[in-house]
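Following: one structure in structure tokens, then a few remarks.
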Amino acid sequence: MPLVEIHMLQGKPIEFRRRVGEIVYETMVDTIKVPPRDNFQIITEHDENGLIYDPEYLDIQRTDEIIIIQITLNEGRTVKLKKAFYKRLTERLQSLLGIRVEDVFISLVEVKKENWSFGNGVAQYAK
Amino acid sequence: MPLVEIHMLQGKPIEFRRRVGEIVYETMVDTIKVPPRDNFQIITEHDENGLIYDPEYLDIQRTDEIIIIQITLNEGRTVKLKKAFYKRLTERLQSLLGIRVEDVFISLVEVKKENWSFGNGVAQYAK
Amino acid sequence: MPLVEIHMLQGKPIEFRRRVGEIVYETMVDTIKVPPRDNFQIITEHDENGLIYDPEYLDIQRTDEIIIIQITLNEGRTVKLKKAFYKRLTERLQSLLGIRVEDVFISLVEVKKENWSFGNGVAQYAK
């Protein structure tokens, strides 16, 4: 269900890109009850004119290592759960890949259960 | 109104890409009352590191022919209508382009009517 | 907070691309109370097969100069404010960059305050 879009500046090894995606997926399963195997992602690299960020907004010092993660997922998770997800995901990206915690930007877009079809033309999550 | 984003792996003929977009558009008009000519799409190709999918989630066997379709559209369509849309779109992609039904992934994001401007700086759908 | 995605056809100078992004940002600050420095954008160029638009929908004459702007932002802005934003953004893109008002397409996606983390793994806007 979640459709994950990850944006970063170009120049990273392919393996780095893949690991970012895997860590996002694993953390969704661990923390916000995304079903195992529910892993669909678009990972895009941009040149410096294609990814714009403010290096100081909210007094957070960002760098060109910034990772912008936008996740479309089902509505209904609590604020507490979302907070746990941001914390855990950011910690894991830091500890496993060395990404600075200041450089992890996350945006969630919530939708209804019936807004997905995973194949076969069926709305698998609709009641 | 709908803004359609279509993602697929690279290597398909240009004509294939365009036909996928046309079939999505035609099916929106036929099935979920999108006005004729309301056709705005971004179609993107990715390499194998840029489009990640699970080949078995929900016991659906996906391949590299997967097409991920995300549509931003006005809220208010019924579950029944959404189901009819998934079914019809998947069937048409199969019958007209030979895309396996297992390889059609659809995600809808719903917004309010006043969230669009189609040009001229006006919110054409707002009351 | 807003995450802005801008799509245009390829071939524009880099400076043009950057100015479009800057004008979108400045107009969000001026018109819809986006905090200064809250500037995060993805700007993408597409070939003619990757960006599809109808040249006449709603009797608006669009050209290959079309700019498609999708903004994910917090919910709660009034219809009046959204209308003011569309008008002002379109006017400024015209007066400052010579973009035809017919070629400015805007789509807003609204989310909850707690749906953002701007770094450090914290939901900065959550209560």
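Quick note on labels: first sequence line is chain A, next is B, and so on, each numbered from 1.
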Out of C:Thr72, C:Ile43, C:Val4, C:Ile6, which one racks up the most heavy-atom pairs below 4.5 Å with chain A? C:Ile43
Euclidean distance, C:Glu110 CD relative to A:Glu110 CD, rounded to 0.5 Å: 13.5 Å
When you measure from the side chain of A:Arg62 to the backbone of C:Phe118, do you find a donor-acceptor pair of N or O atoms at a distance under 3.5 Å? yes
Within the structure provided, determine whether A:His46 and C:Gln41 are in side-chain contact (heavy-atom separation under 4.5 Å). no
Taking the side chain as every heavy atom from C-beta outward, state whether C:Pro35 and A:Tyr57 have any atom pair closer than 4.5 Å. yes
Of all of C:Arg37, C:Lys113, C:Lys112, which one pairs up most often with chain A through heavy atoms under 4.5 Å apart? C:Arg37
Looking only at heavy atoms, which two atoms of C:Ala123 and A:Lys83 are closest? And how far apart? CB-CG, 4.0 Å
Check whether any side-chain heavy atom of A:Tyr86 sits under 4.5 Å from a side-chain heavy atom of C:Trp116, and report yes or no. no
Closest approach of A:Glu48 to C:Arg18 (non-hydrogen atoms, all atoms of both residues): O-NH1, 3.5 Å
Return the minimal non-hydrogen interatomic distance between C:Asn115 and A:Lys82, and the atom names on each side. OD1-NZ, 2.7 Å
Run the numbers on C:Gln124 and A:Ile60 for side chain to side chain contact (heavy atoms under 4.5 Å, CB included), then give the verdict. CA-CA 11 Å; C:Gln124 282 88 358; A:Ile60 296 167; 3.4 Å; yes
Of all the residues in residues 89-101 of chain A, which have a heavy atom that comes within less than 4.5 Å of a heavy atom in chain C? A:Thr90, A:Val101
Does A:Leu51 reach the side chain of C:Ile42, with side-chain heavy atoms less than 4.5 Å apart? yes
Relative to chain A, which of C:Ile14, C:Leu3, C:Val109, C:Asn120 shows the most heavy atom pairs under 4.5 Å? C:Asn120
Between CD of C:Glu114 and CG of A:Leu81, what distance do you get to the nearest 0.5 Å? 11.5 Å
Region of C:Glu22 that comes under 4.5 Å of a non-hydrogen atom in chain A: neither
Which portion of A:Ile67 sits near chain C, non-hydrogen atoms under 4.5 angstrom: neither
Within a 6.0 Å radius of atom CZ on C:Arg88, are there more than 12 heavy atoms belonging to other residues, nucleotides or ligands? no
Ranking C:Val122, C:Asp38, C:Asn39 by heavy-atom pairs under 4.5 Å to chain A gives rank one to C:Asp38
Between atom CZ of C:Phe40 and atom CD1 of A:Ile68, what is the distance when rounded to the nearest 0.5 Å? 7.0 Å
Can you tell which part of A:Asn49 gets under 4.5 Å to a heavy atom of chain C, answering side chain, backbone, both or neither? both
